[in-house]
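Here's the structure we're looking at; comments come further down.
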There are 2 protein chains.
Amino acid sequence: MATGRTHRPATRSRGIPEATVARLPLYLRALTALSERSVPTVSSEELAAAAGVNSAKLRKDFSYLGSYGTRGVGYDVEYLVYQISRELGLTQDWPVVIVGIGNLGAALANYGGFASRGFRVAALIDADPAMAGKPVAGIPVQHSDDLEKIIEDNGVSIGVIATPAGAAQPVCDRLVAAGVTSILNFAPTVLSVPDGVDVRKVDLSIELQILAFHEQRKAGEEAAAGSDGAGPAAARGVSGPASSSTSADQGPDGDVPAVMPA
Amino acid sequence: MATGRTHRPATRSRGIPEATVARLPLYLRALTALSERSVPTVSSEELAAAAGVNSAKLRKDFSYLGSYGTRGVGYDVEYLVYQISRELGLTQDWPVVIVGIGNLGAALANYGGFASRGFRVAALIDADPAMAGKPVAGIPVQHSDDLEKIIEDNGVSIGVIATPAGAAQPVCDRLVAAGVTSILNFAPTVLSVPDGVDVRKVDLSIELQILAFHEQRKAGEEAAAGSDGAGPAAARGVSGPASSSTSADQGPDGDVPAVMPA
DNA sequence: CCATCTTTGTGCACGCGTTCACAAAGACAT
DNA sequence: ATGTCTTTGTGAACGCGTGCACAAAGATGG
């Protein structure tokens, strides 16, 4: 029982590096766009630009899948779309349940990106009895009492958790016990799962904090160096780390202690 | 003008490795929980377990910030909370705009995680004139015509893009031109930004595809090895890559070509 | 059939991130 | 004051990911 291992530590899955797997959807998206414009072939250079990566990296990524290109020409768009789709497992149907139909859960249910590419929202589950039966995105919400039955009846192996933080771990445990082996977690908590279960997390708060770090660093450098005058951002009121100014201790979430320590 | 560089290639920001920065919010969250329970000190082992990481990694991460621990005892919770908050720039106020108030944008506006830890939703912006003035999460939506003025008046340097894919790049360009230097992108597109602008992307579709890849691999291994009988998941109907079965060619989004190539 | 040109596929080197293992440091009891 | 015990902080080794640079491969034109 490993605690909170987020996603495969270093286990190269069948020869394809994890970093490559993470980029395949990007390539697939770019290729799909080309396919819709009926572009027959594409060079690694062009495709790399569309996907926002280095062309050498892209070629190396594709080399893990096999030699699907033609030297002097490039890659056959349709063929590559098929190969990547197959490699990612998108040629089969993946029923998905979303647990926690609040603002975020409802948004996810309505999100078109789910429906495309083999993913199908099989059920929406919420703990609130008042929600039961209400249709969200055309799908009636079911009560969490029936979670296990829903998972088993639909053969669901991928679960999306969009509950409040406190409910996430219990929901996760029930999903796993019912047979779910892949979880996409939107709740701001570290999930603990048994071996063999994959967890990927999407955490808005963390992403913002990372951006804030770089933003602060940029502001600091800008103040240290001479006034570069790069656009209207230079006149921003970010002067230093000590500008707690107006709203310092407002904490609507019970966070933000920010107290001076001993 | 670098195309589509997602987040700092390898530029170590002021000595703190990028990987460490990405984990600091995790530590901060765990520490905040401890702080609320009035736990005075915590060891690297305990905190690492709470954050779901290796204890050696945690100690090394903290060593980049300085020597804030006491040997034989552990770390002072309050002190660490303060230090990490300061390092991440959370002791100052970060006004944020959300552009694109659809299902997702509205969910983000309502998300409590934004309000906490120094982030403040300064404005909601949408291109639909019918939305203008409507309050979402208590904040009136403003029309995108006023985007530049809103950015400048509020001193916004962090923008969140929750528009459809097609609108993302133009919106991004306008945000950057108006002075935004950090962008959190929820639209399924690769954004092209000038140097000095940070982009982080959150892409549900990509996360799901990565999970599907591992799910497929697990199913394949399970089929190859003898029946392990590990729980009810073993009896799942995922037999092989060729089980396109019932709903093979339903494509509600204009995707999923899945055609056999030449 | 041959020369040329384009583009792939990859060997190689380098740097970052992770993990181990241990010495140094401080708390605590006697 | 001294010894013991806990826990930090870090040197070192290793593995993964990235990018360069080039040889091999095939298309194309004469």
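Each chain gets a letter, A, B and so on, in the order the sequences are listed, and its residues count up from 1.
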What is the separation between atom [atom1] on [X] and atom [atom2] on [N], rounded to the nearest whole Å?
{"X": "A:Asp76", "N": "D:dG26", "atom1": "CG", "atom2": "P", "answer": "16 Å"}
{"X": "B:Leu47", "N": "D:dT7", "atom1": "CG", "atom2": "C1'", "answer": "14 Å"}
{"X": "A:Tyr64", "N": "C:dG11", "atom1": "OH", "atom2": "C1'", "answer": "12 Å"}
{"X": "A:Ile16", "N": "D:dG17", "atom1": "CD1", "atom2": "P", "answer": "12 Å"}
{"X": "B:Glu18", "N": "C:dG17", "atom1": "CD", "atom2": "P", "answer": "8 Å"}
{"X": "A:Phe62", "N": "D:dT18", "atom1": "CZ", "atom2": "P", "answer": "14 Å"}
{"X": "B:Glu45", "N": "C:dT19", "atom1": "CD", "atom2": "C1'", "answer": "13 Å"}
{"X": "A:Leu58", "N": "C:dT10", "atom1": "CG", "atom2": "C1'", "answer": "14 Å"}

Worksheet item: If only atom types and distance count, is the side chain of A:Thr32 paired as donor or acceptor with the main-chain N or O of A:Leu28 below 3.5 Å?
Response: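 Looks like yes, one N/O pair under 3.5 Å.
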Worksheet item: For the rings on A:Phe62 and A:Tyr68, is their centre-to-centre separation under 6.0 Å?
Response: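 No, ring centres 6.0 Å or more apart.
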Name the closest nucleotide to the [X] side chain, picking from [options].
{"X": "B:Ser43", "options": "D:dT8, D:dC20, C:dG9", "answer": "D:dT8"}
{"X": "A:Ser67", "options": "D:dG17, C:dT8, C:dG9", "answer": "C:dG9"}
{"X": "B:Thr70", "options": "D:dG17, C:dA27, D:dG19", "answer": "C:dA27"}
{"X": "A:Tyr75", "options": "D:dC20, C:dT8, D:dA27", "answer": "C:dT8"}
{"X": "B:Pro17", "options": "C:dA27, C:dG17, D:dG19", "answer": "C:dG17"}

Ignoring backbone atoms, test whether [X] places a side-chain nitrogen or oxygen under 4.0 Å from the OP1 or OP2 oxygen of [N].
{"X": "B:Arg59", "N": "C:dT18", "value": "no"}
{"X": "B:Lys60", "N": "D:dT10", "value": "no"}
{"X": "B:Ser44", "N": "D:dT8", "value": "yes"}

Discussion item. On DNA chain D, compare the nucleotides closest to A:Asp61 and A:Gly72; which residue's is nearer the 5' end?
Written reply: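 Checking each residue's closest nucleotide, the 5'-ward one belongs to A:Asp61.
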Item to complete: Could you check if a side-chain atom of A:Gln209 sits within less than 4.5 angstrom of a side-chain atom of A:Ser205, using non-hydrogen atoms only?
Response: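 They are in side-chain contact.
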Worksheet item: Can you find a donor-acceptor pair, distance only, under 3.5 Å between B:Arg71 side chain and D:dT7 base?
Response: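 Checked by distance alone, the answer is no.
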Item to complete: Specify the closest pair of heavy atoms between A:Ser55 and A:Ala48, including all atoms of both residues, with the distance to one decimal.
Response: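 Here A:Ser55 and A:Ala48 meet closest at CA-CB, 3.5 Å.
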Discussion item. What verdict does the side-chain hydrogen bond (donor to acceptor under 3.5 Å, both in side chains) test give for B:Glu215 and A:Thr181, after you've listed the backbone C-alpha separation in whole Å, the side-chain angles of each residue and the deciding distance to 0.1 Å?
Written reply: CA-CA 7 Å; B:Glu215 200 60 37; A:Thr181 47; 2.4 Å; yes
